[in-house]
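Just so we're on the same page: letters track the sequence lines, and every chain starts at 1. Values below: every heavy atom of this structure, side chains too, minus hydrogens, waters and symmetry copies.
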Amino acid sequence: MTELQDRFRSVIADLALGEVVSYGEVARRAGRRGAARAVGAFLAEHGGDLPWWRVVRADGRLAAHKPTDQARRLRSEGIEVSGGRVLHALPPR
DNA sequence: TATATGACGTTGC
DNA sequence: AGCAACGCCATAT
């Protein structure tokens, strides 16, 4: 586990219930602005014990591989999901 | 070193 | 809204 991965893990582990952030936001909070893809790569192997479902794309779309599972988990936390998108927040900027 | 890849992001058409 | 190009960062080969 590299130090960068450790920071990613920390940021994601600290996400509160119902708190949804983008991959880019996670990278930013970890001090690696722009490393959104790296966040995805990290979750791909060490995402087992982390709340990976609270991480979505910048436009609100859900993760590409397990969208249904993610939608189910998000809804169980009170977050509205429709058309594979999180409505709640994430307005374009 | 160099190239390819992907749970991404932005911009422009 | 949807799509295609790039750009970007870390890894794997």
Side-chain angles (χ1 to χ4, degrees):
Chain A
M1 183 74 86
T2 73
E3 184 228 328
L4 173 60
Q5 299 177 143
D6 228 19
R7 293 210 298 278
F8 284 161
R9 183 185 53 69
S10 177
V11 169
I12 297 170
D14 286 346
L15 294 176
L17 260 83
E19 180 180 10
V20 179
V21 298
S22 69
Y23 291 87
E25 176 61 19
V26 172
R28 222 179 340 262
R29 292 186 185 186
R32 278 289 178 285
R33 186 150 36 162
R37 307 191 75 151
V39 173
F42 163 72
L43 281 180
E45 47 178 337
H46 312 92
D49 53 326
L50 294 171
W52 56 269
W53 57 90
R54 303 202 253 230
V55 184
V56 304
R57 291 205 185 193
D59 58 5
R61 294 215 12 253
L62 306 181
H65 55 305
K66 271 175 141 185
T68 56
D69 192 23
Q70 182 166 26
R72 189 169 50 65
R73 287 169 179 274
L74 286 175
R75 278 191 271 255
S76 78
E77 293 189 355
I79 295 180
E80 297 191 39
V81 181
S82 174
R85 292 270 203 98
V86 177
L87 313 182
H88 174 267
L90 306 173
R93 70 172 180 92

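Annotation: salt bridge (charged side-chain N to carboxylate O under 4.0 Å, His left out) contacts involving residues 11-24 of chain A, sequence neighbours excluded, comprise A:Glu19-A:Arg29.
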Grab the N/O contacts between the protein and nucleotides 2-8 of chain B below 3.5 Å, and write none if there aren't any.
unit_1, atom_1, unit_2, atom_2, d
B:dG6, N9, A:Arg37, NH2, 3.0
B:dG6, N7, A:Arg37, NH2, 2.9
B:dG6, N3, A:Arg37, NE, 3.4
B:dA7, O4', A:His65, ND1, 3.3
B:dA7, N7, A:Ala44, N, 3.3
B:dA7, N6, A:Leu43, O, 3.2
B:dA7, N3, A:Tyr23, OH, 3.2
B:dC8, OP1, A:Arg57, NE, 2.7
B:dC8, OP1, A:Arg57, NH2, 3.1
B:dC8, N3, A:Arg37, NH1, 3.1
B:dC8, N4, A:Arg37, NH1, 2.3
B:dC8, N4, A:Arg37, NH2, 3.2

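Taking all atoms of both residues into account, the shortest heavy-atom contact from A:Ala63 to A:Tyr23 is CB-OH, 3.5 Å. Taking each heavy atom of A:Ala36 and A:Ala27 in turn, the nearest pair found is N-CB, 3.9 Å.
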**Report entry** side-chain contact (heavy atoms from CB on, under 4.5 Å) assessment of A:Arg73 paired with A:Gln70
**Finding:** CA-CA 5 Å; A:Arg73 287 169 179 274; A:Gln70 182 166 26; 5.8 Å; no

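With hydrogens and angles disregarded, a donor-acceptor distance shorter than 3.5 Å links the side chain of A:Glu77 to the backbone of A:Gly18.
Proximity of A:Leu62 to A:Leu74: side-chain heavy atoms (C-beta onward) are separated by under 4.5 Å at one or more points. Considering only heavy atoms from C-beta on, A:His46 stays 4.5 Å or farther from A:Phe8 through its side chain.
Across residues 2-10 of chain A, not one residue has a non-hydrogen atom less than 4.0 Å from an atom of DNA chain B.
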